[in-house]
Amino acid sequence: MPKSRIRKKADFTPPPAKQAQAIRLTNRAWVAPVMLALFLIGLAWIVVFYVTDGSLPVDSLDNWNIVVGFGFIAAGFGVSTQWK
């Protein structure tokens, strides 16, 4: 009985390598205005509290108005960590 011919298989060719692309995460143009706005709101909150002898901005908070003002300022520092 005759032997069948051996077929030659094609050589393996790996798929083309993916090209590295620069990844642009996000547009961070919003960070500086939001940060400055939070700083100014916090500062204004505290100044208004002292100038009005504690009757404004929120009368029922009493001295906690200072904490609210510093909270805005702290939030501004938190937002500043996103600035590149």
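Positions are given from 1, in the same order as the sequence printed here.
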Problem - 4.5 Å side-chain heavy-atom contact, Trp83 and Met35 - result: yes

Indicate if [X] and [Y] have the same hydrophobic cluster label, given that clusters are the connected sets of ILVMFWY residues with side-chain heavy-atom separations under 4.5 angstrom.
| X | Y | answer |
| --- | --- | --- |
| Leu40 | Val31 | no |
| Tyr50 | Trp64 | yes |
| Leu38 | Phe70 | yes |
| Val68 | Leu43 | no |
| Trp30 | Phe72 | yes |

Handout entry: Positive for side-chain contact (heavy atoms from CB on, under 4.5 Å) with Trp45, one of Leu56, Val67, Ile66, Val58
Key = Val58

Problem - Minimal non-hydrogen separation, Phe49 against Asn63, with atom names - result: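 Closest pair (atom of Phe49, atom of Asn63, distance): CZ-OD1, 3.4 Å.
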
Handout entry: Distance-minimising heavy-atom pair for Asn65 and Asp62
Key = ND2-O, 3.0 Å

